[in-house]
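Positions are given from 1, in the same order as the sequence printed here.
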Amino acid sequence: MPKWCEWFANGLSRATSETHSPLARVCAGVLVVALAACVPRGEPDPGAAYLERLGGVLDTALIPPPGPRGPPWPSRRALTLPIVALEIDAVEFVALHGCDLGALAGYRNSPLGRVQRASQRLGYEAEWLRIVGRCANAPVWLEGLAREKRAALPALFWNATLGSEEFRIAAGASLPGDATAFAHQLERLRAHHAALLRDAFDVDAFEVDLGRLARESAIGTARARWLAQRAVLDTARQALLAEAPRLCRNGRPTPRARYLTNVFARFYVLGLQPALAREHARDGAWIDVLLALTDDQSGVPPPVYRDWVRAVLDPAQPSSEWARTRAAVVAHAEVWQALFARCGIDPRSIAQDPAAAGTISAL
């Protein structure tokens with residue numbers, strides 16, 4: 001994708017998720033149109049082509065309006081979980097050297113150690129626990145301190161992942177990324193979480209994977225794409241509903257109804273529908289992994305994050321952006337089904353192409 005197309009995609013994501021102003025809604029509409037030019041030459045936007053042909057038969061210009069904005073990713077401050085500071089006295093600090101912890105604790109209290117990023121703090125605590133676990137003569141008080149530190153690991157992992165600056169960028173301002181690769185990166189984070197629980201955490205590998213999320217992500221561009229898809233499908237559905245009473249007479253199709261069925265076969269069944277199916281399959285994969293990553297940290301995510309998930313990704317919430325996008329596909333298909341039934345048209349008879357006929361019959 002050209003760089004200027006990436007800028008448009010990111011701009012649409014921000015325009016639809018970060019402000020309430022009417023100007024933002026106008027800008028979102030402009031960006032939707034601009035993004036159509038980002039489709040590779042020879043691969044026209046199937047949604048635009050479908051609406052153009054449908055509007056041509058209905059003698060009306062079908063222009064999808066910008067939809068309502070979705071909730072932005074919560075602020076980092078709202079997502080960051082507090083970590084209780086644990087302190088030891090000078091005598092206990094000297095005793096740490098018996099378990100080879102003196103240098104590590106000394107670094108934690110240095111100027112650099114006091115300003116560690118969330119990922120570095122997680123790595124420090126994981127290394128501390130690993131060393132203590134190998135200490136043969138650990139004093140009782142050190143074992144108690146280790147229990148407290150281990151109890152804080154879930155919050156530390158949260159702050160370093162879904163509560164981090166890297167994930168805030170991944171959720172909206174990163175460059176568009178391949179959805180399949182994004183799902184793999186999320187799986188990598190799940191693997192790091194599992195490694196943390198078995199004292200095999202590799203902070204260097206973790207930071208590499210976390211950095212990739214901030215550079216390329218599917219979240220922001222997927223939300224912009226869903227917004228455009230819902231607008232196309234809802235515009236087509238409403239136009240068909242308005243025209244339906246005039247398309248059939250005594251259960252028989254008018255010539256316009258037959259023209260519409262050709263548009264359906266050529267521009268929806270063979271154009272838009274396959275594109276939607278491919279994109280939604282890829283989106284569904286990374287959404288499943290992100291929800292699994294959330295479930296891995298059961299009881300840890302703050303309410304503001306769970307609210308965002310319910311509003312944007314949760315497939316079980318009918319009002320979520322993802323669920324509404326999938327529902328728009330179904331509602332659009334149901335209008336066509338009703339039209340075929342009203343006009344006495346067998347959907348399998350309207351496409352001579354075997355692939356198209358097979359797809360129609362599965363509606």
Determine the interplanar angle of the [X] and [Y] rings, folded into 0 to 90°, and report it as parallel if under 30°, tilted if 30 to 60°, perpendicular if over 60°.
{"X": "F264", "Y": "F340", "result": "perpendicular"}
{"X": "H332", "Y": "Y268", "result": "tilted"}
{"X": "F206", "Y": "H192", "result": "perpendicular"}
{"X": "W73", "Y": "W308", "result": "perpendicular"}

Side-chain touch [X]/[Y], heavy atoms, less than 4.5 angstrom:
{"X": "N159", "Y": "L79", "answer": "no"}
{"X": "W226", "Y": "R324", "answer": "no"}
{"X": "P302", "Y": "L81", "answer": "yes"}
{"X": "I287", "Y": "L291", "answer": "yes"}
{"X": "L156", "Y": "R121", "answer": "yes"}
{"X": "V232", "Y": "L62", "answer": "no"}
{"X": "V312", "Y": "P71", "answer": "yes"}
{"X": "P245", "Y": "R342", "answer": "yes"}

Does atom CZ (R230) have a neighbourhood of more than 12 heavy atoms from anything else shown, all under 6.0 Å?
yes
Does a sphere of radius 6.0 Å around CZ in R130 hold more than 12 heavy atoms from other residues, nucleotides or ligands, not counting ones at 6.0 Å or beyond?
yes
Shared hydrophobic cluster for [X] and [Y] (ILVMFWY, side-chain gaps under 4.5 Å):
{"X": "V263", "Y": "I63", "value": "no"}
{"X": "V304", "Y": "L293", "value": "yes"}
{"X": "I83", "Y": "L122", "value": "yes"}
{"X": "L189", "Y": "V208", "value": "no"}
{"X": "L197", "Y": "L210", "value": "no"}

Could you tell me if the ring centre of H280 sits under 6.0 Å from that of W322?
yes
Go through the steps for Q185 and E216 under the test side chain to side chain donor-acceptor pair (under 3.5 Å), then give the verdict.
CA-CA 10 Å; Q185 286 304 116; E216 291 188 11; over 6 Å; no
Evaluate side-chain contact (heavy atoms from CB on, under 4.5 Å) for V203 paired with E207, printing each intermediate quantity in order.
CA-CA 6 Å; V203 66; E207 289 196 317; 4.3 Å; yes
Non-hydrogen atoms of P315 and A323 that approach each other most closely:
O-CB, 4.1 Å
Shortest non-hydrogen pair, R258 vs P253, comes out as NH2-CG, 3.4 Å
To the nearest 0.5 Å, tell me how far [X] [atom1] sits from [Y] [atom2].
{"X": "L54", "Y": "T235", "atom1": "CG", "atom2": "OG1", "value": "10.0 Å"}
{"X": "W158", "Y": "D296", "atom1": "CH2", "atom2": "CG", "value": "12.0 Å"}
{"X": "L145", "Y": "R150", "atom1": "CG", "atom2": "CZ", "value": "12.0 Å"}
{"X": "E321", "Y": "L227", "atom1": "CD", "atom2": "CG", "value": "8.0 Å"}
{"X": "E243", "Y": "T60", "atom1": "CD", "atom2": "OG1", "value": "9.5 Å"}
{"X": "T261", "Y": "R256", "atom1": "OG1", "atom2": "CZ", "value": "13.0 Å"}

Go through it in stages, so that I can follow the logic: the residues are Q229 and T325, the test is side chain to side chain donor-acceptor pair (under 3.5 Å), and I'd like the CA-CA distance, side-chain angles, deciding distance and then a yes or no.
CA-CA 7 Å; Q229 290 169 357; T325 302; 5.4 Å; no
Could you go through the side-chain contact (heavy atoms from CB on, under 4.5 Å) check for F167 and I219 one step at a time?
CA-CA 10 Å; F167 225 101; I219 299 177; 4.2 Å; yes
Tell me which pairs pass disulfide bond (SG atoms under 2.5 Å apart) where either residue lies in residues 219-319, with sequence neighbours left out.
C248-C343
When you measure from the side chain of Q120 to the backbone N and O of R117, does any donor-acceptor pair fall under 3.5 Å?
yes
Using a 3.5 Å distance criterion without hydrogens, assess whether the side chain of S320 forms a donor-acceptor pair with backbone atoms of L313.
no
Salt bridge or not for E279 and R282, using N-O below 4.0 Å?
no
Apply side-chain contact (heavy atoms from CB on, under 4.5 Å) to E166 and L213, showing your working.
CA-CA 7 Å; E166 290 88 349; L213 288 180; 5.5 Å; no
Give the C-alpha distance, both sets of side-chain angles, the deciding distance and a yes or no for side-chain contact (heavy atoms from CB on, under 4.5 Å) between V309 and Q317.
CA-CA 9 Å; V309 168; Q317 289 290 331; over 6 Å; no
